[in-house]
Amino acid sequence: MTQHNFSIEFFPPKTPEGTEKLRATRAKLAELRPKYFSVTFGAGGSTQQGTLDTVLEIMREGHEAAPHLSCVGSSRATLRNILTEYKSHGIRKLVALRGDLPSGFGAVDLSSGEFRYANELVEFIRAETGDWFHIEVGAYPEMHPQARSPQEDVQNFARKVQAGADAAITQYFYNADAYFNFVDEAQKLNVNVPIVPGIMPITNYTQLMRFSDMCGTEIPRWIRLKLASYGDDAESIRAFGLDVVTQLCEQLLEGGAPGLHFYTLNQAGATMAIWQRLVD
Ligand SMILES: Cc1cc2nc3c(=O)[nH]c(=O)nc-3n(C[C@H](O)[C@H](O)[C@H](O)COP(=O)(O)OP(=O)(O)OC[C@H]3O[C@@H](n4cnc5c(N)ncnc54)[C@H](O)[C@@H]3O)c2cc1C
């Protein structure tokens, strides 16, 4: 694998200690020479400044950086200002998402804002800024949890590409077949942009179960049972997780996946260990 097909995701730190820790994490992961780093964005604009600050710091260090941009709860005017600001800083790549409102926002009707779905955001970015940005969008091999059916979900994915997305990053998953099937279904709809698998290293059982419940990722039974059987034995969880996720990455790359996008949760260790095994 080369730097051309490998990317790394962070979230914007909320404290000075978090910022310091992310600098150290980044210094380690930069040695792997990823193609770019991406930085998440809280829906409703909650982390907008944190996202921009982190992106600018990464760019100052000489790396390509892509802010995520979500549209739910935002107005056209707000997003126009953000796009103008990103352009003024020479940012050329975005990860465009609908987003999910934080739980503190209460029950919000997603249909009431100025943007309902990510395809509308992609359309807006293209209308406002032409070809300035390379646009990545999200894809869901195991189906987005709010979709009515897998078929409708892949059609909705195709809308984002038709609106002007250049490539996609998937939600994380542990069933390679779900990814290959999704790519086949997208190709049947004439969607031929690169669909890069999102990879979540396994380091903590409780956290993994919580995230996966929220985003609709299936933890295969055999993986779940083994992780549960290790109890508090963090070392065994890490070792098993490393084996499982490295094998998943190998299977994906051998099957033709165009790259890998690592969800690091601002930790370097697991991604570096997987990467090392892949290049050995
Ligand atoms: C790579 C990646 C990065 C992410 N980063 C962030 C982040 O930084 N910040 C954040 O808040 N969230 C982030 N998320 C989470 C994401 O915001 C949620 O998964 C969200 O629920 C859906 O976003 P989307 O852009 O995929 O939505 P959409 O593509 O809009 O899809 C959302 C749902 O609506 C349906 N749908 C889509 N278009 C239509 C349509 N035209 N008509 C009817 N139904 C439709 C879809 O089938 C799906 O069920 C990320 C997800 C991924 C995969």
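Atoms within each ligand, like the ligands themselves, are counted from 1 in listed order.
- None of Thr170, Asn181, Asn175 except one satisfies the side-chain hydrogen bond (donor to acceptor under 3.5 Å, both in side chains) rule with Glu142; the exception is Asn175.
- Interatomic distance, Ile135 CD1 to Leu121 CG, rounded to the nearest 0.5 Å: 7.5 Å.
- In this pair, Phe173 and Tyr179 present their aromatic rings parallel. The plane angle is below 30°, not in the 30 to 60° band.
- Salt-bridge annotation for Asp233 and Lys226: absent, with no side-chain N of the basic residue lying under 4.0 Å from a carboxylate O of the acidic one.
- Of the candidates Tyr263, Phe41, Tyr140, Tyr172, it is Phe41 that places a heavy atom closest to atom 11 (O) of ligand 1.
- Nearest to atom 4 (C) of ligand 1 by heavy-atom distance, out of Thr51, Leu97, Asn119, is Leu97.
- With a heavy-atom cut-off of 4.0 Å, Arg148 does not touch ligand 1 at all.
- Under 4.0 angstrom from ligand 1, the non-hydrogen atoms of Arg98 come from both its backbone and its side chain.
- Using bins of under 30°, 30° to 60° and over 60° for the plane-to-plane angle, the ring pair Phe262/Phe6 lands in the perpendicular bin.
- Taking only non-hydrogen atoms, the option from Val154, Asn156, Val95 nearest to atom 44 (N) of ligand 1 is Asn156.
- When non-hydrogen atoms are compared, ligand 1 lies under 4.0 Å from neither the backbone nor the side chain of Val137.
- In Phe11, neither the side chain nor the backbone holds a heavy atom less than 4.0 Å from any atom of ligand 1.
- The heavy atom nearest to atom 15 (C) of ligand 1, considering only Asp153, Asp100, Leu121, is found in Asp100.
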Phe124 and Phe115: ring pair (Phe, Tyr, Trp, His ring centres under 6.0 Å), yes or no, with the steps?
CA-CA 9 Å; Phe124 180 76; Phe115 295 88; 5.4 Å; yes
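- Residue contacts with ligand 1 for Arg159 involve side-chain atoms from C-beta outward but no N, CA, C or O (heavy atoms, distance under 4.0 Å).
- Only one option out of Thr206, Ile237, Asn204 pairs with Leu227 in a side chain to side chain contact (heavy atoms under 4.5 Å, CB included); it is Ile237.
- For the residues Phe157, Phe115, Tyr117, the heavy atom positioned nearest atom 42 (N) of ligand 1 is part of Tyr117.
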